[in-house]
Every structure is written in C-alpha cells, then in structure tokens.
J.: 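This structure is in structure tokens; I'll ask about it shortly.
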Protein chains: 2
Amino acid sequence: MPKATFFNLPEKKRQSLIKAMEIEFSRVPLYEASIANIVKTAGISRGSFYQYFRDKEDAYYYILKEQASRRNKQFIQQLHTHQGDLFEAITAFYYDLLIELPDEKEYNFFRNALLNVTHQIETIFNEIIESNLKKDGMEEITKLINRDLLNIESDSELTHVIHIISAVAFRNFVEKFTKELSDQEAIESFIAEMNLLKKGIAK
Amino acid sequence: MPKATFFNLPEKKRQSLIKAMEIEFSRVPLYEASIANIVKTAGISRGSFYQYFRDKEDAYYYILKEQASRRNKQFIQQLHTHQGDLFEAITAFYYDLLIELPDEKEYNFFRNALLNVTHQIETIFNEIIESNLKKDGMEEITKLINRDLLNIESDSELTHVIHIISAVAFRNFVEKFTKELSDQEAIESFIAEMNLLKKGIAK
DNA sequence: ATAATAAATGACACCGTGTCATTTGTCAAT
DNA sequence: ATTGACAAATGACACGGTGTCATTTATTAT
C-alpha cells in the first residue's frame with residue numbers, strides 16, 4: 001500500500017506520477033524497471049518517490065491492483081449479463097480482454113507482468129475472477145453464480161471449480177503472450193479447454 | 001545453457017559448483033541470489049563463474065532443469081506403473097512429490113521457485129508433465145497415455161487435456177507453498193480438483 | 001507572525017552485475 | 001625439453017541500481 005502522502009497529493013500530480021509508473025512498467029518487467037526513469041518522467045525527485053511508496057514493489061502492486069480491480073468489475077458485469085452462467089461469463093470476459101487490449105501501453109504492461117509472473121502477480125490475476133480484491137469478494141461472486149448449471153454438490157466444490165477455471169483461464173492468457181498467439185488462436189484454445197472442463201475429461 | 005567450459009570442468013569441481021549454486025538458490029529466490037555467495041562457497045573467482053555461465057539466469061535455469069528432468073523421469077515411471085492412466089499417474093506423482101520432499105534444501109529450492117514463478121519457471125515445471133524437456137518428449141508422453149480412459153476425440157484434445165491437468169496440478173503445488181498447506185490438505189485439494197476435472201464441471 | 005507539521009530534495013552509502021586486460025595452466029608439435 | 005597456441009582463471013573495476021537521511025522548503029494552524 002502506498003503511504004498516506006501519496007493519497008494527499010494533488011490530483012494532477014498523482015495522476016502524472018501514475019502515468020509515469022505505467023510507462024515504466026509497460027517498458028520492462030518489474031525487476032528491470034528503474035525508479036530513476038519514473039521520477040524523471042514524473043518530474044519529481046528520487047526522495048519524493050520514497051515518500052509515497054515503501055519501495056518499488058509497493059508502487060508496482062498498486063498499479064497492478066488498480067488494473068485488476070477494473071477488470072474484476074468487468075467480470076462481475078459479465079456474470080450479471082449472462083445470468084450467473086460461469087462459463088458464458090468467463091468466455092465473454094476473456095473475449096473482451098483480448099479484443100479490447102490493443103492499447104499498446106496496456107498491452108505491454110500485461111505482457112511484462114505475464115512473462116514474469118511472480119506468485120503475487122498470479123494471485124492478483126486470479127483475484128480478478130475470484131474477487132478477493134475487496135472484502136467479501138468471494139461471497140459476491142459465489143452468490144452471482146447460477147449453481148444449477150454446475151455439476152457440484154457443495155460450497156467447497158464450487159470453490160474448487162472457481163480455482164480450476166481461473167487456473168486454466170490464466171494459463172491460456174499467459175500462453176497468448178508467450179507463444180504470441182493471434183487473438184483467433186487464443187480464443188479457440190480457450191474455448192476448447194473450457195469445453196473439456198464442462199464435459200469432463202474422463203470416460 | 002552453460003558454456004562449454006563448464007562441461008570441461010573436472011567432475012569434482014563441477015559438482016562442488018553445482019552444490020554451491022543449489023545452496024544459494026535454496027536460500028533465496030533467483031533475483032535475490034548473489035553470485036558473490038556462490039563463488040565464495042565454491043571457492044572460485046567471480047570471473048570464473050562467467051566463464052561457465054552467460055549470467056545468473058543461465059546458471060539458475062541449468063539447475064532448475066536438472067531438477068525438472070529428474071522429476072520428469074518419475075512421472076513417466078508412474079505412467080508406466082499405472083498402465084497409461086493419466087489421472088492415476090499424476091496423482092501418484094503428486095503424492096510422491098509432497099511426501100518425498102522433506103529434504104530441506106530441495107524443499108526450499110522449490111519454495112523459492114514457486115513463490116517467485118516467472119513464466120520460464122512455470123514452463124519448466126509444466127515440462128515435467130508435458131515432457132518437452134528433450135526432443136520428442138511430447139510424443140513419448142502421448143504414446144504412453146491410455147486414451148480409452150479419456151473422453152477425447154482427437155490428438156488436439158489430448159494436448160488440451162494435458163495442458164489443463166498440468167495447469168491445475170501446478171497451481172495446487174504453488175498453493176501448497178504459498179498457503180502453507182499441510183501435506184494432507186494439499187492432497188485433498190488436489191484430489192478434489194482432479195475429480196472435478198474427471199467428471200466434468202457442467203451439468 | 002510564529003510555531004509546528006508535512007512534503008520535497010538530492011547527495012550518498014551500499015551492494016550487485018557483468019566485463020576485461022592480464023596471468024596462469026594445458027597440451028600438442030617439433 | 002621448448003615453444004607456441006589455445007583454454008581457463010582471476011579480481012579490479014565501471015556502471016547502474018536501491019533505499020536513506022539530513023537538510024531545505026512549503027503548508028497549515030494558532
């Protein structure tokens with residue numbers, strides 16, 4: 001979490017700092033990102049940066065969580081739109097994500113995150129779907145899901161289902177970037193795997 | 001890949017260097033590992049290290065691949081033992097992995113890898129199951145799998161099945177470490193998810 | 001106007017990586 | 001045995017990065 005000082009900043013300055021961070025974190029992955037670049041772009045001193053953030057990671061995860069939170073809202077929206085059909089919702093969400101990403105800066109930001117996924121990054125991505133970003137997130141999601149469509153018998157199974165789906169969705173998303181798949185290929189692969197999950201793998 | 005110089009090293013020296021790297025990479029994750037520590041432990045000069053490896057990552061992935069290759073052999077062994085039953089084999093493999101890991105150094109090595117999974121690390125882990133470590137790896141695996149037990153209609157579906165299973169297995173393995181689950185909990189969660197994969201998630 | 005508190009600053013200490021000119025070792029050919 | 005050519009070893013060093021801190025500057029309250 002950024003320090004209080006960061007939130008006390010005048011809106012304009014805070015936005016310009018956020019922008020500078022987004023630029024740097026889009027350029028290279030976390031471990032190569034340099035604070036020197038950020039403060040130069042934002043036009044502040046090095047010391048100031050450390051008034052706002054504990055360290056580089058603090059800043060990075062702040063930006064990443066902002067992104068994730070926006071995406072999480074989209075996913076919940078899709079769940080509403082598709083009347084709690086988990087598969088429909090995640091497919092629509094995945095589709096949106098790919099089609100909507102042509103903004104180069106955002107694209108590279110994700111790319112850098114995904115090529116260098118730490119556990120923490122993966123956790124945040126999974127929270128887009130699992131909705132743990134805010135308190136009571138998981139409940140919000142499980143309430144929305146229409147269980148009649150699922151082959152499950154308990155709450156615990158529902159949790160596992162969500163885990164499985166977010167694991168597979170995430171992995172597909174990573175592969176889109178690492179194997180440089182076209183949108184078309186990525187979506188086909190995603191749908192194929194979702195269908196396998198639906199129908200079951202064993203005879 | 002390490003440079004030729006590394007493989008020209010007398011066995012004893014090479015082993016002691018490998019051991020020094022294992023110690024350091026067990027202590028902390030890749031990005032915190034220090035070459036100064038490695039060369040001190042191994043009793044060689046800093047310059048020598050760079051005669052053997054292009055850089056720190058080169059060294060790290062060499063060690064990681066060695067580990068993965070050993071695990072891959074175990075998985076293939078399990079496929080044999082269970083007559084090509086993919087689910088039986090992966091469950092036995094997972095079980096072995098957890099039960100067998102109490103060697104503290106190896107445990108920490110995995111832990112550091114899994115808490116800081118880059119795409120490359122995940123790829124190598126998945127190759128344990130997908131057997132791409134050596135050429136023709138994928139074929140070796142697909143031949144071994146008994147397709148009669150699976151609800152699939154094509155080679156392409158089999159590939160997706162393997163992807164899905166390795167994604168879910170990997171994710172379970174990561175959670176074992178990050179959520180500090182007991183062996184018991186980890187295995188229960190793993191089996192629950194494998195069962196869901198088997199029977200299918202949709203009604 | 002003054003005191004008190006908050007924010008901004010940049011020089012600096014520290015540590016790490018990868019390089020390179022130089023030294024040392026090895027081994028085949030004469 | 002000597003030479004020369006190639007391979008390996010070395011550690012000082014250049015460079016660049018992070019996070020700190022004493023000091024200055026701004027803001028707010030009294």
Side-chain angles (χ1 to χ4, degrees), chain A residues 1-64 112-113 115-116 118 120-121, chain B residues 1-64 112 116 118 120-121:
Chain A
M1 266 262 293
K3 300 182 185 174
T5 329
F6 176 71
F7 296 108
N8 293 341
L9 245 35
E11 188 60 17
K12 204 174 159 188
K13 190 170 184 181
R14 208 175 84 241
Q15 286 307 325
S16 98
L17 176 52
I18 288 178
K19 192 155 193 184
M21 293 190 290
E22 284 175 348
I23 288 171
E24 181 63 3
F25 292 134
S26 301
R27 189 181 67 83
V28 285
L30 172 57
Y31 280 103
E32 283 171 56
S34 125
I35 288 162
N37 282 336
I38 293 172
V39 299
K40 203 166 68 186
T41 306
I44 61 172
S45 72
R46 185 174 189 77
S48 286
F49 181 89
Y50 285 94
Q51 298 276 24
Y52 310 143
F53 301 102
R54 198 171 32 78
D55 53 25
K56 197 169 52 160
E57 303 203 353
D58 190 24
Y60 183 74
Y61 289 115
Y62 170 72
I63 298 288
L64 184 62
N112 287 327
L115 291 183
N116 230 325
T118 63
Q120 210 166 146
I121 290 174
Chain B
M1 264 260 296
K3 300 182 185 175
T5 329
F6 177 71
F7 296 107
N8 293 340
L9 244 35
E11 189 61 17
K12 204 175 160 187
K13 190 170 184 180
R14 209 176 80 241
Q15 286 306 327
S16 97
L17 176 52
I18 287 177
K19 193 156 193 182
M21 293 190 290
E22 283 174 348
I23 289 171
E24 180 64 2
F25 292 135
S26 301
R27 189 181 67 82
V28 284
L30 172 56
Y31 280 102
E32 282 171 57
S34 121
I35 287 161
N37 281 337
I38 294 172
V39 300
K40 202 166 70 186
T41 306
I44 62 172
S45 72
R46 183 172 190 79
S48 287
F49 181 89
Y50 285 95
Q51 298 276 22
Y52 310 143
F53 301 101
R54 195 168 36 77
D55 52 26
K56 197 170 52 159
E57 303 203 353
D58 190 24
Y60 182 73
Y61 290 116
Y62 170 72
I63 299 288
L64 183 61
N112 287 327
N116 230 324
T118 63
Q120 211 164 148
I121 290 174

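Order of the sequence lines fixes the chain letters, A, B, ..., with proteins taken first and strands second; residue numbering starts at 1 for each chain. None of these values were measured; they are calculated from a predicted model.
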J.: My validator wants the stems of DNA chain C: runs of 3 or more consecutive Watson-Crick or G-U pairs, both distances under 3.5 Å, written as range with range.
T.: C:1-30 with D:1-30
J.: Mind checking the OH-CG spacing from Tyr62(A) to Leu64(A)? Nearest 0.5 Å is all I need.
T.: 12.5 Å
J.: dA8(D) phosphate, OP1 or OP2: any side-chain N/O from Ser48(B) under 4.0 angstrom?
T.: no
J.: Nearest whole angstrom, please: distance from the P of dG16(C) to the CD1 of Ile38(B).
T.: 12 Å
J.: With a 4.5 Å limit on heavy-atom distance, are the side chains of Ile23(A) and Ile38(A) in contact?
T.: no
J.: Rounded at 0.5 Å granularity, tell me how far CD1 in Ile35(B) sits from CE in Met21(B).
T.: 10.5 Å
J.: Could you tell me whether Phe6(A) contacts a base, only the sugar-phosphate backbone, or nothing, with contacts defined as non-hydrogen atoms closer than 4.0 Å?
T.: nothing
J.: To the nearest angstrom, how far is Arg46(B) atom CZ from dG18(C) atom P?
T.: 8 Å
J.: Among residues 10-37 of chain A, which contact DNA chain D at a heavy-atom distance under 4.0 Å?
T.: Ala33(A), Ser34(A), Ile35(A)
J.: So, for Asp58(A) and Met1(A), which heavy atoms are closest and what is the spacing to 0.1 Å?
T.: OD1-N, 2.7 Å
J.: Considering only residues two or more places apart or on different chains, which pairs with a residue in residues 33-42 of chain B satisfy side-chain hydrogen bond (donor to acceptor under 3.5 Å, both in side chains)?
T.: Glu24(B)-Asn37(B)
J.: Can you name the residues that form a side chain to side chain donor-acceptor pair (under 3.5 Å) with Glu22(B), not counting sequence neighbours?
T.: Lys105(B)
J.: Could you go through nucleotides 24-29 of chain C and list every protein N or O atom that sits under 3.5 Å from one of its N or O atoms, giving the distance for each pair?
T.:
none

J.: Check the interface with nucleotides 21-24 of chain D: list each N/O to N/O pair with the protein under 3.5 Å, or write none.
T.:
none

J.: Among the candidates dA9(D), dA7(C), dT18(D), find the nucleotide nearest to the side-chain atoms of Asn8(A).
T.: dA7(C)
J.: Measure from CZ on Phe7(B) to P on dA8(D) and round the result to the nearest Å.
T.: 13 Å
J.: Report the distance from atom CD of Glu32(B) to atom CG of Leu30(B), rounding to the nearest 0.5 Å.
T.: 10.0 Å
J.: Tell me whether the OP1 or OP2 atom of dA8(C) has a side-chain N or O from Tyr52(A) closer than 4.0 Å.
T.: yes
J.: Does Leu9(B) or Arg54(A) map to a spot on DNA chain D nearer the 5' end, using the closest nucleotide for each?
T.: Leu9(B)
J.: Under the salt bridge (Lys or Arg N to Asp or Glu O under 4.0 Å) definition, can you give me all pairs with a residue in residues 2-16 of chain B, not counting sequence neighbours?
T.: Glu11(B)-Arg14(B)
J.: What is the distance, to the nearest angstrom, from the CD1 atom on Ile44(A) to the P atom on dA8(C)?
T.: 8 Å
J.: Looking only at side-chain atoms of Lys56(A), point me to the closest of dA12(D), dG19(D), dT10(D).
T.: dG19(D)
J.: Can you tell me how far C1' of dA7(C) sits from CZ of Phe49(A), to the nearest Å?
T.: 16 Å
J.: Between Tyr31(B) and Lys56(B), which heavy-atom pair has the shortest distance, and what is it?
T.: O-NZ, 3.6 Å
J.: Find the distance Glu57(A):CD to dG17(D):C1' and express it as a whole number of Å.
T.: 14 Å
J.: Check side chain to side chain donor-acceptor pair (under 3.5 Å) between Tyr61(B) and all other residues, then give those that pass, not counting sequence neighbours.
T.: Thr118(B)
J.: Identify whether any heavy atom of Thr5(A) sits under 4.0 Å from a base atom; if not, whether one sits that close to sugar-phosphate; answer base, sugar-phosphate or nothing.
T.: sugar-phosphate
J.: Output side-chain donor-acceptor pairs under 3.5 Å for residues 43-54 of chain A, partner residues at least two apart or in another chain, one line each.
T.:
| unit_1 | atom_1 | unit_2 | atom_2 | d |
| --- | --- | --- | --- | --- |
| Ser45(A) | OG | Ser48(A) | N | 3.2 |
| Ser45(A) | OG | Ser48(A) | OG | 3.2 |

J.: What heavy-atom pair brings Ser16(A) and Ala42(A) nearest, and what distance separates the two atoms?
T.: OG-O, 4.1 Å
